[in-house]
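As structure tokens, the structure follows; a few thoughts come after it.
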There are 2 protein chains.
Amino acid sequence: MPDPVDLAKERRRVTMRDVARRAGVGTITVSRALAEPEKVSPELRRRIAAAVAELGYLPNHMAGGLSSQRTRVVPVIVPSIRNAVFADLVEGVNDVLLGEGYQILLGASGYDPAREEALISAFLGWFPAGIVVVGTQHTELGARLLTRTEATVVELFELSSDAVEINIGFSNAAAARDMTAHLLDEGYRRVAFVGAFMERDVRAGVRRSGYEEVLAGHGLPARVLSYPQPSSYELGGQAVQDLFARWPDTDAVFFANDVLAFGAITECQKRGIPVPQRLAIAGFNGLDVGARMTPELTTVLSPRREMGRQAARAILGRRGPGAKRREVIDLKYEILVRASTRRRRED
Amino acid sequence: MPDPVDLAKERRRVTMRDVARRAGVGTITVSRALAEPEKVSPELRRRIAAAVAELGYLPNHMAGGLSSQRTRVVPVIVPSIRNAVFADLVEGVNDVLLGEGYQILLGASGYDPAREEALISAFLGWFPAGIVVVGTQHTELGARLLTRTEATVVELFELSSDAVEINIGFSNAAAARDMTAHLLDEGYRRVAFVGAFMERDVRAGVRRSGYEEVLAGHGLPARVLSYPQPSSYELGGQAVQDLFARWPDTDAVFFANDVLAFGAITECQKRGIPVPQRLAIAGFNGLDVGARMTPELTTVLSPRREMGRQAARAILGRRGPGAKRREVIDLKYEILVRASTRRRRED
DNA sequence: CTGAAAGCGCTAACAC
DNA sequence: GTGTTAGCGCTTTCAG
């Protein structure tokens, strides 16, 4: 009676046929016992399970995928892996997929549509069940690939009227408008906006537009600082200096993200600039650091994890063929008003 | 002349045979032109490239993998996706793999060996080129699977004499000892250690031991606070209170990670506890927030990204069969002494 | 340098 | 409820 170690030594992997022979059944029965146990009699199921365990059988996903033309793989393409915002997204996808035997293929585009395109085309070679991407802007070819694939396509983090299939996000523009309105409500009038990497980071650009709209609506001039490089704590600190150099009377800043805002708050601490008395600071995304700073950071809570979860659920739900059904899901954001912009302390 | 859209409408993917026919060559020549272009004449190469482009051919990775018994897939199993420490690791792997056409399958174990085992066995079904895991402690079956697989196995973040194959990490124990020694050097004598989730987080436990060793070596009593739940900013804040409740005269704390330390520093800010005058605080990992806090956080810089990079390089380098060659690579850590533990300001 | 035939290990479709 | 047959689309021999 061969044991698994012997088979391993033969340099041959245990196949479904080995299991079938051992259990005294056909291979298809093994296949069914593994994929749809309810269609196999309890007795055979038991014998097969025993054979699987004894032989240490591991299913060959390549063979299964080739034959069935589908796999339990879900590529997720994010702009950046290290950015906590996207880590939350991936975590959300993972939350839902984990228990279902699905696996995540991770790709980082670096905010570069060309790299995104390369990732899309590589990933589609896996016959994925679905594919999750951030944003709705792609290269022409990228968009075509997404349109053509059998996989369920989910585009996250924005809302767009011409998304490929499923679009789950929130309105960055509305959130930015609300935040800007909050600053004006609090009485700030010389409100600046600071963004970074906005040629590439589409959503940051949208936030900027939201800010500009509201200021214009109030007849106030916009003060925008836009850095070409990606966001960092250092850059947020730098922005405080640049801001005062350019518009010394600025009384509030809306940062395109919390990383910049965090850098700005720590910079103000170091330089003794009272926040919000001298300068009110707002961020975007609602990272949990925000709640631990002094002062606590006013920010927009984006439903990152929930977007990931719903993306995964959409993919799981949409098994089986059929044309793409378009759907836009608008998740809510939340304006978290905290001490960094509040004129009066509440107590 | 059929164009790609027509083929797509046929609901049939473009295959290598389609490309071959169009280019007027055999399928194997197409295969070679894609995988080993130098073995194909320039003329055919050109025709094949043209056919690929015109038809919009995407290679089917399942078929290729099934046939060749190997894929350009590298599973990476980390304890947690959201933890910035592991995001850096994954980013490092990605840095190196990206250009080589390899792809990352991401798994999160939640610090649970059983879940890690499930991930390992699922991932091995993809005939991965290599597999990257955090830590050297696995379930018995998990370890056996890793030993038996053809894939290059890389274990990260610790050093162990009985790693499966390639082990890239640093000494958590030595780092913890160095940090503890630093605190004693600075003159602190009532030094505590705070860890979280240490039953699961093996490395945190190792750090604790390093701390205890050094204290014992100086004849000082250990003060260890160990929380069962995972680390969070809040927990770090909580620890400050618990610490003073239990050992009111504590003058320094060594936290098992920067997240806890960050929470503690902000807590001290809120409660007006001067750091380091009343309480010195040290962390572990060298997250970049540390450099932006007031006071800046003393911590241990762990070579996270570099571990990821070297893991990927090891996998790329070790193509082709052959028995596993064991190798331990000891990357250096760095003690970053900053204001949160320094007795006197330097100027 | 190029090609023909065989087969990787599984599942779909159809029998029984 | 179970088995048989025929591929899925590549890459690996082995010839030329």
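Protein chains get the first letters and strands the later ones, always in sequence-line order, with residue 1 at the start of each. In this text, all values refer to a predicted model and were calculated from it rather than measured experimentally.
For A/Phe157, the ring pair (Phe, Tyr, Trp, His ring centres under 6.0 Å) partners are A/Phe86, A/Phe170, not counting sequence neighbours.
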* Structure fact -> Expected string for nucleotides 6-16 of chain C under the B/S/- scheme (protein heavy atoms, under 4.0 Å, primed atoms plus P, OP1, OP2 as sugar-phosphate) is -BBBBBB----
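With B/Glu165 contributing its side chain and B/Val153 its backbone, the two residues share a donor-acceptor pair below 3.5 Å.
With hydrogens and angles left out, the side-chain atoms of A/Glu117 and A/Thr139 include a donor and acceptor closer than 3.5 Å. Between the side chains of A/His61 and A/Gln103, not a single donor N or O lies within less than 3.5 Å of an accepting N or O.
The aromatic rings of B/Trp126 and A/Trp126 stand perpendicular to each other, their planes meeting at an angle above 60°, with 30° marking the opposite boundary.
The pair A/Arg305-A/Glu91 meets the salt-bridge criterion, since a charged nitrogen lies less than 4.0 angstrom from a carboxylate oxygen.
When side chains are defined from C-beta on, A/Val134 does not count as touching A/Ile77, because their heavy atoms never get closer than 4.5 Å.
Protein chain A contacts DNA chain D over a range whose 5' and 3' limits, counting nucleotides with an atom under 4.0 angstrom from a non-hydrogen atom, are D/dG1 to D/dG9.
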